[in-house]
Amino acid sequence: MSLLKLDHVSAFYGASQALFDVHFDVQAGEVVALLGRNGMGKTTTIKVICRLLRHRGGLVLLDGQDMAQVPAHRAARAGIGLVPEGRRCFAPLTVHENLIAAARPGDWDLPAVAEVFPRLAERKNQRAASLSGGEQQMLAIGRALMTNPRLLVLDEATEGLAPVIRQEIWAAIAGLRRQSGLSILVVDKSLRELGRVADRAVILQKGVSVWTGAFGDLDPDLTDRYLGV
């Protein structure tokens, strides 16, 4: 059984339809890349998965459970850990306070997060507002891990970061894939880095799933047609 399954999902913002027919799944321990040009429905799909936006048609299942009536806080408790676009750390709180704010019992605790991101331990008493963009991104990922999720959702986790920090984040994601057995759904524009961590890819175009397959099967024709500028 899939850990996450979207079956012909549609969603609206008011009267405006954003998703028309999104369908894919994420298996336990699998990394899936959600791809598409800007405005094609990737972030909307993530909002639906995390229950920040209700879908109107189709099914969203987490480990077989219908999520239609599940509010966002219960989706988090059910095992969905979101690293949102733009990081959204609690700026007035320290690194330590950010990490424990949403912590739930499990293998991911402060020492485990510090092993992935040693900088967070070094800056545990600093306010999040004083961190660099890359450190805030590490904090956002660490905060999601502290919820001990079954599914980690990363929305543009390396956008706008310096190349050195980007590589550090990608190395951490690769480490999570190898060592933790987490299921991961990741949105990013860098096909080269995604190719090192993703098992499969899903491409969205105008709110519709238009291609799903092994990441290695993405060829120049597909990338030009659906991902090119």
Side-chain angles (χ1 to χ4, degrees), residues 1-13 17-68 75 79-85 144 149-159 169-170 173-174 176-177 181-229:
M1 180 184 294
S2 302
L3 176 61
L4 174 71
K5 183 177 180 64
L6 276 68
D7 187 12
H8 302 293
V9 168
S10 62
F12 291 72
Y13 292 105
Q17 188 166 1
L19 301 182
F20 295 83
D21 184 10
V22 175
H23 50 90
F24 65 89
D25 66 335
V26 181
Q27 301 290 326
E30 184 180 39
V31 179
V32 174
L34 185 59
L35 305 175
R37 296 186 183 96
N38 290 341
M40 293 299 166
K42 303 185 298 298
T43 294
T44 301
T45 299
I46 285 176
K47 287 181 178 180
V48 167
I49 291 167
C50 297
R51 309 316 298 153
L52 299 171
L53 177 69
R54 289 193 174 188
H55 59 288
R56 289 199 196 172
L59 288 173
V60 178
L61 303 175
L62 182 68
D63 204 13
Q65 177 188 359
D66 187 348
M67 302 293 284
I80 299 176
L82 172 63
V83 181
E85 185 177 14
R150 291 185 289 166
L151 173 68
L152 183 65
V153 181
L154 298 157
D155 190 4
E156 300 284 7
T158 66
E159 185 177 25
I169 298 291
W170 281 115
I173 294 170
L176 291 174
R177 180 185 187 276
L182 264 177
S183 298
I184 301 175
L185 178 65
V186 56
V187 173
D188 204 277
K189 297 180 179 67
S190 180
L191 295 181
R192 183 175 65 177
E193 279 80 6
L194 283 170
R196 295 170 182 165
V197 298
D199 299 295
R200 289 190 299 122
V202 180
I203 299 177
L204 301 186
Q205 185 173 39
K206 296 182 180 179
V208 176
S209 296
V210 292
W211 187 86
T212 303
F215 198 93
D217 290 341
L218 276 173
D219 58 31
D221 178 62
L222 285 168
T223 56
D224 288 346
R225 189 188 318 167
Y226 296 121
L227 307 177
V229 177

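In this text the structure is predicted, and so the values were computed from the model without any measurement.
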Peer 1: Using a strict threshold of under 4.0 Å (side-chain N to carboxylate O), is an ion pair present between Asp25 and Arg200?
Peer 2: yes
Peer 1: Any side-chain heavy atom of Ile203 sitting closer than 4.5 Å to one from Leu218?
Peer 2: yes
Peer 1: Rounded at 0.5 Å granularity, tell me how far CG in Leu154 sits from CG in Leu152.
Peer 2: 4.5 Å
Peer 1: Looking at side-chain heavy atoms only, is the closest gap between Thr45 and Val187 below 4.5 Å?
Peer 2: no
Peer 1: Going by salt bridge (Lys or Arg N to Asp or Glu O under 4.0 Å), name the residues that satisfy it together with Arg51, two or more places apart in sequence or in a different chain.
Peer 2: none
Peer 1: In this structure, are over 12 heavy atoms from other groups packed under 6.0 Å from Lys206 atom NZ?
Peer 2: no
Peer 1: List in chain and number order the residues that pass salt bridge (Lys or Arg N to Asp or Glu O under 4.0 Å) with Asp199, two or more places apart in sequence or in another chain; answer none if no residue qualifies.
Peer 2: Arg177
Peer 1: Given the rule in the side-chain contact (heavy atoms from CB on, under 4.5 Å) test, do Val48 and Val22 qualify, once you have shown the distances and angles that lead to the verdict?
Peer 2: CA-CA 11 Å; Val48 167; Val22 175; over 6 Å; no
Peer 1: Once rounded to the nearest 0.5 Å, what's the spacing between atom CG of Leu194 and atom CD1 of Ile173?
Peer 2: 8.0 Å
Peer 1: Take Val9 and Leu59, measure what side-chain contact (heavy atoms from CB on, under 4.5 Å) needs, and give me the verdict at the end.
Peer 2: CA-CA 6 Å; Val9 168; Leu59 288 173; 5.8 Å; no
Peer 1: How many angstroms lie between CG in Leu227 and NZ in Lys189, if you round to the nearest 0.5 Å?
Peer 2: 11.0 Å
Peer 1: Can you see which heavy atom on Leu204 is nearest to which on Ser209, and at what distance?
Peer 2: CD2-OG, 3.6 Å
Peer 1: Could you check if a side-chain atom of Pro149 sits within less than 4.5 angstrom of a side-chain atom of Leu182, using non-hydrogen atoms only?
Peer 2: yes
Peer 1: In Å, rounded to the nearest 0.5 Å, how long is the span from CE of Met40 to CG of Leu34?
Peer 2: 12.5 Å
Peer 1: Could I get the full list of side chain to side chain donor-acceptor pair (under 3.5 Å) partners for Arg54, not counting sequence neighbours?
Peer 2: none
Peer 1: Would Leu176 and Val197 count as a side-chain contact (heavy atoms from CB on, under 4.5 Å) here? Give the steps.
Peer 2: CA-CA 10 Å; Leu176 291 174; Val197 298; over 6 Å; no
Peer 1: For the residue pair Val83 and Ala144, what are the closest heavy atoms and their distance?
Peer 2: CG2-CB, 3.7 Å
Peer 1: Sequence neighbours left out, what passes salt bridge (Lys or Arg N to Asp or Glu O under 4.0 Å) with Asp21? Give chain and number order.
Peer 2: none
Peer 1: Where do Ala18 and Thr44 come nearest, in terms of heavy atoms and distance?
Peer 2: CB-CG2, 4.0 Å
Peer 1: Among pairs that include at least one residue of residues 184-226, which meet ring pair (Phe, Tyr, Trp, His ring centres under 6.0 Å), considering only residues two or more places apart or in two chains?
Peer 2: none
Peer 1: Provide the closest heavy-atom pair for Leu3 versus Ala28 in the form atom of the first, atom of the second, distance.
Peer 2: CB-N, 4.3 Å
Peer 1: Do Ser183 side-chain atoms and Gly29 backbone N/O form a donor-acceptor pair below 3.5 Å?
Peer 2: yes
Peer 1: On a heavy-atom basis, which atom in Ala75 and which in Cys50 lie closest, and how many Å separate them?
Peer 2: CB-O, 3.9 Å
Peer 1: So, taking the atom named CG in Leu6 and the one named CD1 in Ile49, what distance separates them when rounded to the nearest 0.5 Å?
Peer 2: 5.0 Å
Peer 1: So which pairs with a foot in residues 19-65 pass ring pair (Phe, Tyr, Trp, His ring centres under 6.0 Å), sequence neighbours left out?
Peer 2: His8-His23
Peer 1: Where is the tightest heavy-atom contact between Leu185 and Leu151, given as atom of each residue plus distance?
Peer 2: N-CD1, 4.1 Å
Peer 1: What distance do Glu85 atom CD and Asp155 atom CG have between them, rounded to the nearest 0.5 Å?
Peer 2: 5.0 Å
Peer 1: Hey, does the side chain of Arg37 reach the backbone of Gly228 with a donor-acceptor pair shorter than 3.5 angstrom?
Peer 2: yes
